[in-house]
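First up is the structure itself, then whatever we jot down about it.
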Amino acid sequence: MTYLDRLYRDSLALANDLYQVTMACAYWRSGTHDKEAAFHLYFRNNPFGGGFTVACGLEPAMEYLAGVRFSGEDLAYLAELPGNDGAPLFAEDFLAHLRDLEWSCDVEAVPEGTVVFPFEPVLRVTGPIDQCQLLETPLLNLLNFQSLIATKAARVALVAGEQEVVEFGLRRAQGLDGGLSASRAAHVGGCAATSNLLAGKLFGIPVRGTHAHSWVQSFDSEIEAFDAYAEAMPNNCVFLVDTYESLQGVRHAVEAGRRLRRRGHEMIGIRLDSGDLAYLSREARKILDESGFPGALILASNQLDEHVIASLEQQGAKVDVWGVGTRLVSGHPDPALGGVYKLTAVRRRGDAWQYRLKLSEQVSKISNPGLQQVRRYRAGGEFLADVIYDEQSGIGEAPVMVDPFDMTRRRTIPAGTAWEDLLVPVFRGGRRVYDPPPLAALRRRTTAQLAGFHEGIKRFIHPHQYPVGLEACYFDLKTRLILEARGAAPGLLARTRPE
């Protein structure tokens with residue numbers, strides 16, 4: 001049983017936007033519902049003003065795709081929806097079509113933990129157009145948020161370096177599902193553990209936790225509270241020391257730690273949750289070391305993110321574990337990744353693909369046509385460039401990549417350069433053909449991926465732009481389609497790809 005099944009007992013087919021179902025109905029009514037289509041999911045900007053994004057959310061998306069069905073209750077609800085004339089919005093024959101729908105799409109996707117960049121396809125769906133259309137909203141919902149949080153977590157983990165990061169955000173997350181999704185994505189991005197017990201149960205993420213200020217306040221003195229906690233939880237003693245006066249709290253933790261040691265247990269450490277964390281952590285380290293607790297950890301929390309941690313590190317903070325909550329699970333300051341899902345090709349079954357693109361006055365909103373793939377090149381241990389190409393036309397041994405926003409900027413990839421294609425088969429004919437790796441392996445993949453990129457791409461201020469371009473012939477094809485669509489040569493949008 002998947003975690004979606006365990007968390008949601010009801011059907012998830014209606015976790016969708018109304019207009020997806022109305023379009024599916026219109027395809028059915030027009031007799032075009034079995035036309036094949038290709039859709040690509042991608043985003044236009046890295047979040048947080050950064051230089052990269054971490055793909056995340058594929059496994060939950062696969063669980064959704066493998067189990068989505070319209071239940072009798074779903075169909076009864078749809079049957080009750082009225083149009084503006086009071087008549088039923090959906091006719092019985094269409095609802096019967098939804099009831100009997102056999103999902104048959106092919107899906108290719110970038111494995112979770114892969115570092116990706118704007119305009120690169122993160123996922124591709126091909127199959128009957130009504131089925132592809134019905135998947136738009138749930139796929140965006142499942143991939144956008146988790147990719148956002150995984151990216152935030154990766155940024156925090158980068159600045160923390162060898163220091164452990166624990167995700168503490170459930171109480172500030174956007175609902176229970178937001179908290180679970182954030183915990184999962186944060187682990188993929190680099191967090192070592194979570195405070196979220198349900199996430200620990202469902203995903204196997206290590207859990208961490210101590211006590212709150214209320215525990216200390218419930219006793220007549222801080223030292224009495226520490227001793228009582230040590231008596232009750234001798235193998236989980238991280239003392240929160242800033243309820244009253246932080247450094248005095250550290251001294252009280254040392255006293256409790258000594259009594260705990262005499263009983264055969266060891267204090268794990270202390271937590272600082274307010275005040276000048278740089279100064280307090282340095283002073284706390286001195287007290288702990290001089291008192292015979294050099295191995296005691298110092299955990300810091302309090303509205304932390306990558307920028308605050310970087311500043312504290314520059315100030316010489318002596319922190320061993322960072323507890324990051326609100327600003328991680330909420331994706332602060334970016335509320336969403338902004339991924340989109342665009343139609344790129346259509347065909348009658350068995351015919352050649354007819355390419356499609358969306359125009360806009362904004363160049364960044366002109367979509368890429370065709371069946372896209374991304375080829376990532378590397379030399380030695382470093383990634384060099386990503387080339388987006390048309391999978392139908394293929395790519396040469398020494399491709400020329402073109403900057404889609406400046407056609408004069410071109411780069412030739414030398415023949416023999418090592419490469420991998422990022423999109424891998426996930427579903428074929430509606431059947432799973434890919435087994436997602438365990439979450440711990442995805443976390444390791446994120447770390448390994450980031451290690452392969454130049455440091456400039458990972459910096460927080462004015463990051464270097466990693467080279468991503470269109471293969472030259474593919475760029476020319478897109479240019480011709482744009483000209484045709486704007487009236488320079490009417491009719492090309494109906495043509496198939498050039499041979």
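Start at 1 with the first residue, then count along the sequence. Note that the coordinates shown come from a computational prediction; the quantities given were computed from them, not determined experimentally. Computed from heavy atoms alone, side chains included, the values below leave out hydrogens, waters and symmetry copies.
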Subject >> From CA spacing to verdict: salt bridge (Lys or Arg N to Asp or Glu O under 4.0 Å), Arg378, Asp386 >> reply: CA-CA 9 Å; Arg378 70 183 302 165; Asp386 288 4; over 6 Å; no
Subject >> Arg459, CZ atom: more than 12 neighbouring heavy atoms under 6.0 Å >> reply: yes
**OP:** Please check if the side chain of Trp103 supplies one atom and the backbone of Val68 the other of a donor-acceptor pair under 3.5 Å.
**Re:** yes
Subject >> Glu420 CD to Leu422 CG distance, which is reported to the nearest 0.5 Å >> reply: 5.5 Å
Original post:
Is the backbone N or O of Ala26 less than 3.5 Å from a side-chain atom of Ser30, with the two atoms forming a donor-acceptor pair by type?
Top reply: yes
Original post:
Mind checking whether Phe460 and His307 have ring centres under 6.0 Å apart?
Top reply: yes
Subject >> N/O donor-acceptor pair under 3.5 Å between Asn196 side chain and Leu198 backbone >> reply: yes
Original post:
With Tyr27, which of Ile129, Thr22, Leu134 fulfils side chain to side chain contact (heavy atoms under 4.5 Å, CB included)?
Top reply: Ile129
Original post:
Would you say the side-chain atoms of Glu164 and Trp322 include a donor-acceptor pair closer than 3.5 Å?
Top reply: no
**OP:** Report the distance from atom CG of Leu442 to atom SG of Cys56, rounding to the nearest 0.5 Å.
**Re:** 7.5 Å
Subject >> Residue Gln465 excluded, over 12 heavy atoms near CD under 6.0 Å >> reply: no
**OP:** Grab the two heavy atoms, one from Phe427 and one from Ala66, that are nearest each other, plus how far apart they are.
**Re:** CZ-N, 4.1 Å
Original post:
So which heavy atom on Ile457 is nearest to which on Phe52, and how close?
Top reply: O-CD2, 3.9 Å
**OP:** Flag yes if more than 12 heavy atoms outside Arg44 fall under 6.0 Å of its CZ atom; otherwise flag no.
**Re:** yes
Original post:
Where the side chain of Asp106 meets the backbone of Gly429, is there a donor-acceptor pair that is under 3.5 Å apart?
Top reply: yes
**OP:** Answer yes or no: are there more than 12 heavy-atom neighbours, outside Arg172 itself, under 6.0 Å from its atom CZ?
**Re:** no
Subject >> Main-chain N/O of Leu423 paired with Asp421 side-chain donor or acceptor, under 3.5 Å >> reply: no
Original post:
Taking side chain as C-beta onward, heavy atoms only, is Thr151 less than 4.5 Å from Phe48?
Top reply: yes
Subject >> Minimum side-chain heavy-atom gap Val387-Leu470 below 4.5 Å >> reply: no
Subject >> Donor + acceptor pair across side chains of Asn368, Tyr474 (<3.5 Å) >> reply: no
**OP:** State plainly whether the residues Asp130 and Lys35 are in salt-bridge range, i.e. N to O under 4.0 Å.
**Re:** no
**OP:** Under the ring-ring contact (aromatic ring centres under 6.0 Å, His included) rule, collect the residues that match up with Phe453, sequence neighbours excluded.
**Re:** Phe117, Phe383, Tyr466
**OP:** Show your reasoning for whether side chain to side chain contact (heavy atoms under 4.5 Å, CB included) applies to Leu197 and Leu170.
**Re:** CA-CA 10 Å; Leu197 284 172; Leu170 178 59; over 6 Å; no
Original post:
Which value, rounded to the nearest 0.5 Å, describes the distance between Glu80 atom CD and Leu89 atom CG?
Top reply: 12.5 Å
Original post:
Between the main-chain N or O of Ala448 and the side-chain N or O of Arg445, is there a donor-acceptor pair closer than 3.5 Å?
Top reply: no
**OP:** Report the C-alpha separation of Leu139 and Leu65 in whole Å, then their side-chain angles, then the decisive distance to 0.1 Å, and conclude whether the side chain to side chain contact (heavy atoms under 4.5 Å, CB included) test is met.
**Re:** CA-CA 9 Å; Leu139 287 175; Leu65 292 170; 4.2 Å; yes
Original post:
Considering only heavy atoms from C-beta outward, does the side chain of Phe119 approach that of Ser364 to under 4.5 Å?
Top reply: yes
Original post:
What's the spacing between Asp273 CG and Ser301 OG if we round to 0.5 Å?
Top reply: 3.5 Å
Original post:
Out of Leu135, Val110, Val122, which one pairs with Leu41 under the side chain to side chain contact (heavy atoms under 4.5 Å, CB included) rule?
Top reply: Val122
**OP:** Flag the pair Glu36 and Arg349 as a salt bridge only when some basic side-chain nitrogen lies within less than 4.0 angstrom of an acidic carboxylate oxygen.
**Re:** yes
Original post:
Counting distance only, does the side-chain N/O of Gln362 pair as donor-acceptor with the main-chain N or O of Lys365 below 3.5 Å?
Top reply: no
Original post:
Roughly how far, to the nearest 0.5 Å, is the CG atom of Leu343 from the OG atom of Ser367?
Top reply: 8.0 Å
Subject >> Taking every non-hydrogen atom, the tightest pair across Leu180 and Ala199 >> reply: CD2-N, 3.5 Å
**OP:** Go through the steps to decide whether Val115 and Thr53 satisfy the test side chain to side chain contact (heavy atoms under 4.5 Å, CB included), and finish with yes or no.
**Re:** CA-CA 6 Å; Val115 172; Thr53 298; over 6 Å; no
**OP:** Under the salt bridge (Lys or Arg N to Asp or Glu O under 4.0 Å) rule, what do Glu59 and Arg184 come out as? Steps first, then yes or no, please.
**Re:** CA-CA 11 Å; Glu59 184 173 1; Arg184 181 187 186 279; 3.3 Å; yes
Original post:
Taking side chain as C-beta onward, heavy atoms only, is Ile388 less than 4.5 Å from Gln373?
Top reply: no
**OP:** Apply side chain to side chain contact (heavy atoms under 4.5 Å, CB included) to the pair Cys132 and Tyr341, showing each step before the final yes or no.
**Re:** CA-CA 10 Å; Cys132 296; Tyr341 182 88; 4.0 Å; yes
Original post:
Do Gln372 and Arg124 have side-chain atoms, one donor and one acceptor, less than 3.5 Å apart?
Top reply: no
**OP:** Identify the two heavy atoms, one from Trp353 and one from Ala38, that lie closest to each other, and give their separation to 0.1 Å.
**Re:** CZ3-N, 3.9 Å
Original post:
Is the closest side-chain heavy-atom distance between Leu78 and Leu14 below 4.5 Å?
Top reply: yes
Original post:
So does Leu176 have more than 12 non-hydrogen atoms from other groups sitting under 6.0 Å from CG?
Top reply: no
Original post:
Looking at Ala385 and Met401, what are the two nearest heavy atoms and their distance?
Top reply: CB-SD, 3.7 Å
Original post:
Does Arg428 come within less than 4.0 Å of Glu108, counting only side-chain N to carboxylate O?
Top reply: yes
**OP:** Taking Thr194 for its side chain and Ser183 for its backbone only, find out whether a donor-acceptor pair lies under 3.5 Å.
**Re:** no
Original post:
Any side-chain donor paired with an acceptor under 3.5 Å for Tyr42 and Glu120?
Top reply: no
**OP:** Could you tell me whether the side chain of Gln131 and the main chain of Glu102 form a donor-acceptor pair under 3.5 Å?
**Re:** yes
Original post:
Do Phe43 and Val116 have side chains that get closer than 4.5 Å, going by heavy atoms?
Top reply: yes
Original post:
For Glu397, does the CD atom sit with more than 12 other heavy atoms under 6.0 Å from it, leaving out its own atoms?
Top reply: no
Original post:
Looking at side-chain heavy atoms only, is the closest gap between Asp305 and Lys152 below 4.5 Å?
Top reply: yes
Original post:
Under 4.5 Å between any side-chain heavy atoms of Arg208 and Ser195, yes or no?
Top reply: no
Original post:
For residues Ser71 and Asp74, is any side-chain donor paired with an opposing acceptor at under 3.5 Å?
Top reply: yes
Original post:
Say you draw a straight line from CG of Leu98 to CZ of Phe90; how long is it, rounded to the nearest 0.5 Å?
Top reply: 8.0 Å
Subject >> N/O donor-acceptor pair under 3.5 Å between Lys458 side chain and Leu450 backbone >> reply: yes
**OP:** Inspect the surroundings of CD in Glu73 and state if more than 12 heavy atoms from other residues, nucleotides or ligands are less than 6.0 Å away.
**Re:** no
Subject >> Nearest heavy-atom neighbours spanning Arg486 and Ser360 >> reply: NH2-O, 3.2 Å
